[in-house]
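So the structure is just underneath, and the comments pick up after that.
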Amino acid sequence: MADKKKINKAADPANLTELEHLHVPVIEAPELVLTGQPFTVKVTVPHVMEQAHYIEWIKLSMNGRKLGEVKLSSSDASPVAEFTVTIPEEVIAVKEIEECRIHGVNVCGECGTKSVLTELIAVESCNVHGLWEGSKRIEVMSKIQGEGKPCKWK
Ligand SMILES: [Fe+2]
């Protein structure tokens, strides 16, 4: 029986083992999102859904903040979860405090709009192989634009 507390991650995301490929959640989300604007995050796990071996749930979080959880059962066709996520403006402020000592805040040179880089974290639970984590880096941009001009983020 797998350890139910340890969260497994891919040792080398560019070269997944077969076990990792079957268990590491794959996150689909926009690369750049605006605070206060809902967007869709789709999490898939390329795993079987059989009575004796299946994915029990998929959770999504960001900066330790839980964004959602989907419970699954062995009778579900495939382990897929869709979340509608809205990131509040406070995330920018919190990250500003967290990051300014080391990296500074990302501020667009064109208009002064702030953004932060953060990670969406998905964790799934396989009833046989335990917990597995996948992540995706996204950029969160403040909806408050400095000069009201469109940004030219790269
Ligand atoms: Fe499994």
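Each ligand, and each atom within it, is numbered from 1 in the order the structure gives.
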Rounded at 0.5 Å granularity, tell me how far CD in E119 sits from CD1 in I27.
8.5 Å
Quick test of your reading: applying side chain to side chain donor-acceptor pair (under 3.5 Å), list the pairs with at least one residue in residues 44-53, sequence neighbours left out, ordered by first then second residue.
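Sorted result for residues 44-53: H23-H47, H47-H53, H53-H129.
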Can you pull the side chain to side chain donor-acceptor pair (under 3.5 Å) pairs that have at least one residue in residues 32-42, sequence neighbours excluded?
T35-E89
I'd like to check the salt bridge (Lys or Arg N to Asp or Glu O under 4.0 Å) partners of K136; sequence neighbours left out, ordered by chain and number.
E31
With a cut-off of 2.8 Å, which protein N/O/S atoms are close to the Fe ion (ligand 1), if we only count those under it?
H23 NE2, H47 NE2, H53 NE2, C126 SG, H129 ND1
Measure across A10 and E20 and return the closest heavy-atom pair with its distance rounded to 0.1 Å.
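Closest heavy-atom pair between A10 and E20: CA-OE2, 3.6 Å.
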Can you give me the closest heavy-atom contact between E133 and V24, atom names plus distance?
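Scanning both residues completely, I find the closest heavy atoms to be O-CG1, 3.7 Å.
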